[in-house]
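Numbers here simply count residues along the sequence, with the first being 1. Everything numeric here is computed off the predicted structure, so don't read it as measured data. First listed ligand is number 1; within each ligand, the first listed atom is number 1. Hydrogens, waters and symmetry mates are skipped; everything else that's a heavy atom, side chains included, is used.
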Amino acid sequence: MQLTVYDGAGTIGGNKILVETQGTAFSFDFGISYSIWSSYFEEYLKPRAARGILDPFTVGMLPPIDGIYRDDYFPSSVDMKANFEAHPEFRKLELNGILLSHAHLDHSGHISFLKENIPVYCSPLTAAISKAVQDTSQGDFEKEVCYKIPKEENEDGFIKSSNFKKVPAMGRPFHLVNPGSVGDRLQEFWKTSAAGRELVSHPLTELAEINGLPIRRYTVDHSIFGSSAFAVETKEGWVVYTGDMRLSGRKGHLTKSFAEAVSKLNPVVLITEGTRIYGEDDAIDVGYNDQVNEDNVFQNCLNAVKNAKGLVIADFGPRNLERLLTFLEIAKQTGRKLAVMSKDAYILEQVHAAIPNEVADPLFEETIVLFRDVKSSMSTWEKVLLDKYGHKMIDGRTVRKSQKDYIVCMSFLDINELIDINPDEGSVYIYSSSEAYSEEQKIDFKRLLNWLRLFNVKPIGVPDPSCDFKVRDDEKGYHVSGHMMANDLLSIIRTINPKIVVPVHTEHPGFFKKQLEEYQVFVPQRGKKLEF
Ligand SMILES: [Zn+2]
Ligand SMILES: [Zn+2]
């Protein structure tokens, strides 16, 4: 068996982990490497869509493999063959599929560049959320995860989008592994076009093998619903991949059950994440919210809402629906309405379609109202949504009149809505998401605090510039990470008890070598083959 970590080696995110065995080749995830992306690009300097795969390939975001990328991303104006062949690790390959762990774009985004007939294996929720995310994002050529928008060339050999009236979008085949029941509503959503362009799709099908190799999928706890770990049986034994996981959410027990179940397979290789490892000797986590779990976050946020005399704004990471449901419960207990943005309502609808017994339909959930932000034009999906929610739609001016009746779920990027709301005295902004990692994020926090000061809104849990954008000690506990602490991770690995450990999605792979002396630990290097 050969294993090549094309991304996620010594870095967090961008996972592309190629496994080759017995004539089968598949990749665990195929995400966007944000660390490479942000080394070269920023909001106003992006990969040029007109050049197809050239730009992401040149900066090292796409593996030098011929035979796996979409034909319509190869413009005739670029000699991609020469570009490929100039790469020292160039090779040809037929890829049998992607095992997608969850819908975070650092795991899924660059599926966009793959041939549209390469199947994706995942959970029903990952399929639903991935499509909702693609439907609601503005035609970004790096994010065509569920369906491709065919491209064509202009006379200069530049790639452009095809005529949306004439050329339909093409769905990728998605296979659901151990899905439980897949409702009609999810199948219906899967084939529904959101953008005015016709969508030709394959129905979601249940399948638990890739090219004859059996696959098992295990639901694990993480900061997005539907996260999975996988095990694939090869001639050499079972290969297990954790994806991203934690113990501190409401479904933490599932992560433990996964470890116990998979240990019975006596796996030969475990590919594990290690996001919250802070150094080689970090056996004891130094993360700020060590003891916090989702129930603590609920209690702390509930108290903050109870104490608020005016409006409450809740800011949690995009697509963190578990946190959204936490605030829904808080809204119910405090007699407020939960105002969500249209993107969140759209995703929530699809999550309801996938797990109707766990998540209510936002359209019929009395506590939820739709916040219409100020914009002059709207996409097709949003018009359809607003039509449906007409009877329960509010805007900044509605909130302005009765601020104590609302929790508005918005992020920094919607903060200019405060101008219409004009918050009352005693209003609060609860920040329930991660601290700043990059310089740009730090600047955003400065801007956020300027807005809050301008309107006299009290920040709660917002990273503080006076302590290097960490959350002050007395304001901790409004957020919990999507990843597990070092000690917990070591104990999960020992429960699984593989022969070989391959750490990915971590900045400190050396930690595993040092702490797991009883195991063979292979520290991967980007693009270099490991042989077992
Ligand atoms: Zn990740
Ligand atoms: Zn993730």
**OP:** Kindly indicate whether the side chain of Ile493, heavy atoms from C-beta on, has any atom under 4.5 Å from the side chain of Leu270.
**Re:**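 A side-chain contact exists here, since the closest heavy-atom pair is under 4.5 Å.
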Original post:
How long is the gap from OH on Tyr44 to CD on Glu42, to the nearest 0.5 Å?
Top reply: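 It comes to 8.5 Å.
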Answer yes or no: is there a donor N or O on one side and an acceptor on the other, between the side chain of [X] and the main chain of [Y], under 3.5 Å?
{"X": "Glu206", "Y": "Leu176", "answer": "no"}
{"X": "Ser223", "Y": "Gly482", "answer": "no"}
{"X": "Trp190", "Y": "Lys131", "answer": "no"}
{"X": "Ser130", "Y": "Ala127", "answer": "no"}

Subject >> Atoms named by residue and atom, protein N, O or S, within reach of the Zn ion (ligand 2) (under 2.8 Å) >> reply: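 Listed by chain and number, the nearby protein N, O or S atoms are His102 NE2, His104 ND1, His222 NE2, Asp244 OD2.
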